[in-house]
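Atom set for the values below is all heavy atoms of this structure, side chains included, hydrogens, waters and symmetry mates excluded.
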Amino acid sequence: LGVAKDFEPMLLVPIGFGTLLVNVPFAGMGEPPHGLLYMIFEYGLNNELLPLLIFIGIGSLSDFGPLLANPRMAILGAAAQFGVFGTLLGVMALNLLPGFDYNLMEACAIAIIGGADGPTSIYVSSLFAPHLMGSIAVAAYSYMALVPLIQPPIMRALTTEAERKIKMHQVRPVHKMEKVLFPLFVTGLVIFILPSALPLMGSFAFGNFVKESGCLDRLTKTMQNELMNLATIFLGLGVGMQMSADKFLNLETLGILLLGMLAFSLGTAGGVIFAKIMNVVWPKNPVNPLIGSAGVSAFPMAARVSNKLGLEADPHNFLLMHALGANVAGQIGSVVAAG
């Protein structure tokens, strides 16, 4: 999938190789105390280090300018988290059927796939359901890669031709000081309201602050390149270690893939529907519902899909900057949902 279909190769290739290595008989690659994959998992994933390092890198790559220019987009980032909580309730409801037995921790770990944020999915599953981490990681990254295939049919089904042609006002220019202060503001808010989300949000805000401060170019480049690349390699191999045949080749894995698809679809639909509700509340300043789907955390692919469908409806309707605002809001939303 990674090489032939270009499905998130940066992570699926290391995961695939880790899966091959851990399933070689008598090689001991995943065996304690000195197996290579075991050490990567134990010291990089079991203590949540690698997902947090990746969040530093993601923060240094993110630009909150579009969100600051149009703060209403934050609502769409929150609305798209319906996929997480809707699926959480759905997974628990499945326990009423024979053959399903998910506990609440496992349900949380599966539901976070709906945030469309791979590192967050791995972080939550490492805390709540490490035995499901391999399946959850593959589902999360596969669906992130399939954004251009999964989202458009849902978006078209939930919007009319006239809604897809809605043009939005040009966003205002954002002052540098706003960008510098924003990660500090968000961190302070998380400290007071949801301290359990601070490891993820603090790492994310640190990376973003270093970038926006403009005086730490060397650190910014390291975060965006060397740190991000090394953490991604080890993260993929560590996740692959959890995909030994006895853990992965079962009906539970298939169930997680199906539930992950449900979570992702609900998140997309939740953002589009909430954008339509916003137009009822603020009819004088309408929002194109297509950008609601960008409220999931798949950055920047989801924003590009919104812009593409907008251009299909009207070749002069550029929605990218507005969609990016919803997209970075979705990044924050998935972190808050995880917390």
Beyond-backbone contact of [X] with [Y], side-chain heavy atoms, under 4.5 angstrom:
X    : Y    : result
I122 : Y141 : yes
M201 : L189 : no
K211 : M223 : no
P14  : L235 : no
N70  : M321 : no
L237 : I233 : yes
F55  : V335 : yes
L200 : L52  : yes

Straight-line distance of [X] [atom1] to [Y] [atom2], nearest 0.5 Å:
X    : Y    : atom1 : atom2 : value
Q242 : S244 : CD    : OG    : 7.0 Å
R164 : L158 : CZ    : CG    : 10.0 Å
N327 : L320 : CG    : CG    : 9.5 Å
I291 : L324 : CD1   : CG    : 10.0 Å
R172 : E178 : CZ    : CD    : 4.0 Å
K308 : Q151 : NZ    : CD    : 12.0 Å

For [X], check side chain to side chain donor-acceptor pair (under 3.5 Å) against everything at least two apart and list the hits.
X    : value
S334 : D117
T222 : none
D101 : none

Quick one: do L259 and I113 satisfy side chain to side chain contact (heavy atoms under 4.5 Å, CB included)? Show the steps, please.
CA-CA 9 Å; L259 289 166; I113 296 171; over 6 Å; no
When the ring planes of F64 and F182 are compared, do they come out parallel, tilted or perpendicular, using 30° and 60° as the limits?
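Tilted: the ring planes of F64 and F182 meet at 30° to 60°.
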Grab the two heavy atoms, one from [X] and one from [Y], that are nearest each other, plus how far apart they are.
X    : Y    : result
V305 : M155 : CG1-SD, 4.0 Å
M228 : G57  : SD-CA, 3.7 Å
I58  : F204 : CG2-CE1, 3.5 Å
N208 : S62  : ND2-O, 3.0 Å
I112 : A109 : CG2-O, 3.2 Å
T87  : L266 : OG1-CD1, 3.9 Å

Any link between [X] and [Y] through a network of hydrophobic side chains (Ile, Leu, Val, Met, Phe, Trp, Tyr) touching at under 4.5 Å?
X    : Y    : result
F248 : I40  : yes
L61  : V186 : yes
L53  : V210 : yes
F85  : L76  : yes
M10  : V239 : no

Can you find a side-chain donor-acceptor pair between S293 and S306 that sits under 3.5 Å?
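Side-chain D/A pair, S293 to S306: present.
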Keeping the roles fixed (side chain from [X], backbone from [Y]), state whether a donor-acceptor pair exists under 3.5 Å.
X    : Y    : value
N307 : L319 : yes
N279 : V287 : yes
H322 : H169 : yes
S121 : A137 : no
E106 : N103 : yes
Y102 : C108 : no
S142 : A139 : no
Q224 : S60  : yes

I'd like to know whether [atom1] of [X] has more than 12 heavy-atom contacts from other residues, nucleotides or ligands below 6.0 angstrom.
X    : atom1 : answer
K176 : NZ    : yes
K276 : NZ    : yes
L96  : CG    : yes
R218 : CZ    : no
H175 : NE2   : no
F17  : CZ    : no

L45 vs F234, test: side chain to side chain contact (heavy atoms under 4.5 Å, CB included). Steps then yes/no.
CA-CA 9 Å; L45 280 165; F234 289 128; over 6 Å; no
With side chain to side chain contact (heavy atoms under 4.5 Å, CB included) as the criterion, how do E212 and L181 come out once you've worked through the C-alpha distance, each side chain's angles and the decisive distance to 0.1 Å?
CA-CA 9 Å; E212 297 298 353; L181 293 177; over 6 Å; no
Evaluation steps, side chain to side chain contact (heavy atoms under 4.5 Å, CB included), between I150 and S265
CA-CA 7 Å; I150 297 171; S265 300; 4.3 Å; yes
In this structure, which one of V138, N23, T253, V22 forms a side-chain contact (heavy atoms from CB on, under 4.5 Å) with M243?
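Exactly one pass, corresponding to V138.
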